[in-house]
Enquirer: 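Pasting a structure here, questions to come.
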There are 2 protein chains.
Amino acid sequence: MVTRKEVAELAKVSEATVSRVFNGLGPMKPATKERVLEAAKVLGYHPNAIAQSFARRRSGNLGVVLPYMPKVHLFSAYYFAEILSGIGEQVREQGYDLLLSLLTPDDELDYGRLYRSQKVDACVILGARDTESQRSSLLQLQEQGLPFCLVNQRFEGLSFLEVDADHVEGSYQAVRHLLDEGYRKIAFLNGSPQYTNSLDRLQGYQKAMLEAGLTIDPSMQFEGNYSRTSGYEIAAKVWEIRDQVEAVFAANDRMAIGLMQGLRERGWIAGRDYAVIGCDDSDAAKLSDPPLSSIKVPFFEMGKQAARAVLASVGQGSSESGLQVKLPTEVKIRQSSKLGALRAGS
Amino acid sequence: MVTRKEVAELAKVSEATVSRVFNGLGPMKPATKERVLEAAKVLGYHPNAIAQSFARRRSGNLGVVLPYMPKVHLFSAYYFAEILSGIGEQVREQGYDLLLSLLTPDDELDYGRLYRSQKVDACVILGARDTESQRSSLLQLQEQGLPFCLVNQRFEGLSFLEVDADHVEGSYQAVRHLLDEGYRKIAFLNGSPQYTNSLDRLQGYQKAMLEAGLTIDPSMQFEGNYSRTSGYEIAAKVWEIRDQVEAVFAANDRMAIGLMQGLRERGWIAGRDYAVIGCDDSDAAKLSDPPLSSIKVPFFEMGKQAARAVLASVGQGSSESGLQVKLPTEVKIRQSSKLGALRAGS
DNA sequence: TTGTAGGCGTTATCAG
DNA sequence: CTGATAACGCCTACAA
């Protein structure tokens, strides 16, 4: 590998000058700069990023931690691609690189590993859950002044950097849409309350229902684990109380689709016999039959803002910590929740 | 940050000894080791990975490069999750980290950037295409002795590290399956020939057809771009020749599903009026209606083997380059290709 | 505008 | 078995 020293020799300047040229620092004679660049090109010199990190005491890496969930595919392709791309775009603009960290359930407790080894300057954390162990790990990170930003998850009572979507409003709008279509008996298929998303959606659901003068019936609420399979299984339960159900609001697309599949096997077709609306507006929503209405979430933008926020706090000792961003969502109407036979017949 | 020096002082040994303890090198008195570990624990010492990389002249990072394609979602969640997890697992076993590099079309030419900055010791390259520019970039990498491994793509005539699935055999089996079900008029919806996958699938298709004594009719072959939309659009063309089509073999699940959607709008239902089989056995195959038969590809294992292969070649000057792995696939039968009304009626 | 020199935290070699 | 001590490639005051 060709080093700065060789460039300096060829260009007949000091090594410091070479650095200055490459870092665009200080005033310098154009001729000098020219000579250095020429020499660098001739030799094929490129600064050694590791050495730079070492000297600057900054890795230049943004960590992205995401839990690996073998069975439950927590993330849709859409989520994945969008959020990573968002992070990637921001990161690139700031000259950072992305270090991916796949957590197995075992080392969830150990968010600190990445930082301690100083391979990342900050982290964006995806797929966090509100558990005791995660709370304490994150608190510890914060105490140590290690910058991180949570995406799509909040921790009530704690003041972290958080970028989220407005799931309360999104859910409210989704249920409102169902109400507007004339449905009254609206069931809710939620995910685990360990995700604040789930709590938000419940809130939006309740708000819309109460506002419409309807009662919140616990027997109309179901909990899955965000997998298609769980939605499929819950179809059986929904089926049992089918005479009380006109529509279902599901907390994500996968469960909604699983539900549709389960009910279809019993002869109930979404968009005809009942209405469904999901969340995320993932690819699956367009792939399903009928196409699934869903709440669109700006994942790309969320990734981008999370990266921006956390990188901004790198220099300063997390002084400005506690920024909470909440981006707007948008309801996408497709056939699964359109006025169908149900309304006419009920 | 607490450094080795402080540990050495507290433990009353030299810095070198601290390093030896942490690297498990050389014989050493258990008592010494104990003292060092104790001191390290007391102080909360953790080796600085950047400094280690610097001293070892190895980053300890495996680069994963993947093209960012805004519109066409090249990778399914399944592909993504599985292959990254496979790479991740292998990488972790060897104490490496993952550096993600999202390429925009512009810098596709510039695979070398990551290496030159020496932030990665090797790369796994996903989503490569056989174009002139990519060929030459890769050749250049090889000439410079920079280790990389391609996943799911080969370059005829060149000798790279390549981990692929046996798409020829997979496609052969898929078409055989359709033939076994009694279908004879089998159309083929392929992807771009820039992907060797596509060429392989064509080969498998042709082999099965010829073996069955059928002719290869160019008018029965279509080319999409692996997106759902392209499948949807091609449905119109298939529809035009519907009297000549009993079944379709599609080069991936997305196109298969798009096709099903397009044909459904015209009243043609998969598994009833015609058969379809896709490729990848992605989540979408289970989400679609009817569930889509597909060719399962061992992505996790491919990622793992790619990582293993490329990391193995890090030390040695890519002496053993040119290893070509081809993993087996498996046909998964679902309703979309099951014996339906078609056969009975035709 | 440019050069000098100390330092960054390890690894690794070589004595002892 | 353990301790010195030179790298490693670059950054960054401080000097000139």
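Computed from a predicted model, the values in this text were never measured in an experiment. Note: hydrogens, waters and symmetry copies are ignored here, and every other heavy atom, side chains too, is used. Just so it is clear: chains get the letters A, B, ... in the order the sequence lines come, proteins before strands, and each one is counted from 1.
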Enquirer: Please check if the side chain of B:Ser101 supplies one atom and the backbone of B:Val65 the other of a donor-acceptor pair under 3.5 Å.
Expert: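 Not a single qualifying donor-acceptor pair exists.
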Enquirer: Can you list every side chain to side chain donor-acceptor pair (under 3.5 Å) pair that touches residues 24-39 of chain A, not counting sequence neighbours?
Expert: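 Pairs touching residues 24-39 of chain A that pass the test: none.
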Enquirer: Indicate, with a heavy-atom threshold strictly under 4.0 Å, whether A:Val13 touches base, sugar-phosphate, or nothing.
Expert: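 Counting heavy atoms under 4.0 Å across all strands, the contact made by A:Val13 is with sugar-phosphate only.
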Enquirer: In residues 29-42 of chain B, which residues come under 4.0 Å of DNA chain D by heavy atom?
Expert: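 Contacts with DNA chain D under 4.0 Å: B:Lys29, B:Thr32.
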Enquirer: Salt bridge (charged side-chain N to carboxylate O under 4.0 Å, His left out) between B:Asp164 and B:Lys326: does it pass, once the steps are laid out?
Expert: CA-CA 5 Å; B:Asp164 202 356; B:Lys326 208 174 268 192; 5.6 Å; no
Enquirer: Spell out protein contact along nucleotides 5-16 of chain D as letters: B when the base is contacted, S when just the sugar-phosphate is, - when no protein heavy atom is under 4.0 Å; keep the 5' to 3' order.
Expert: ---BBBBBB---
Enquirer: Can you pull the salt bridge (Lys or Arg N to Asp or Glu O under 4.0 Å) pairs that have at least one residue in residues 39-54 of chain B, sequence neighbours excluded?
Expert: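 Checked against salt bridge (Lys or Arg N to Asp or Glu O under 4.0 Å) - neighbours excluded - no pair reaches residues 39-54 of chain B.
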Enquirer: Listed by chain and number, what are the side-chain contact (heavy atoms from CB on, under 4.5 Å) partners of B:Gln194, not counting sequence neighbours?
Expert: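 Applying side-chain contact (heavy atoms from CB on, under 4.5 Å) to B:Gln194 gives B:Arg129, B:Thr131, B:Ser192.
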Enquirer: Do any pairs count as a salt bridge (Lys or Arg N to Asp or Glu O under 4.0 Å) and have a residue in residues 132-144 of chain A, sequence neighbours left out, and if so which ones?
Expert: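 Checked against salt bridge (Lys or Arg N to Asp or Glu O under 4.0 Å) - neighbours excluded - the pairs reaching residues 132-144 of chain A are A:Asp130-A:Arg135.
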Enquirer: Report yes or no: does A:Gln134 contribute a side-chain atom to a donor-acceptor pair with the main-chain N or O of A:Ala128 at less than 3.5 Å?
Expert: no
Enquirer: Give a yes or no on whether the backbone of A:Phe160 and the side-chain of A:Gln324 come within a donor-acceptor separation of less than 3.5 Å.
Expert: yes
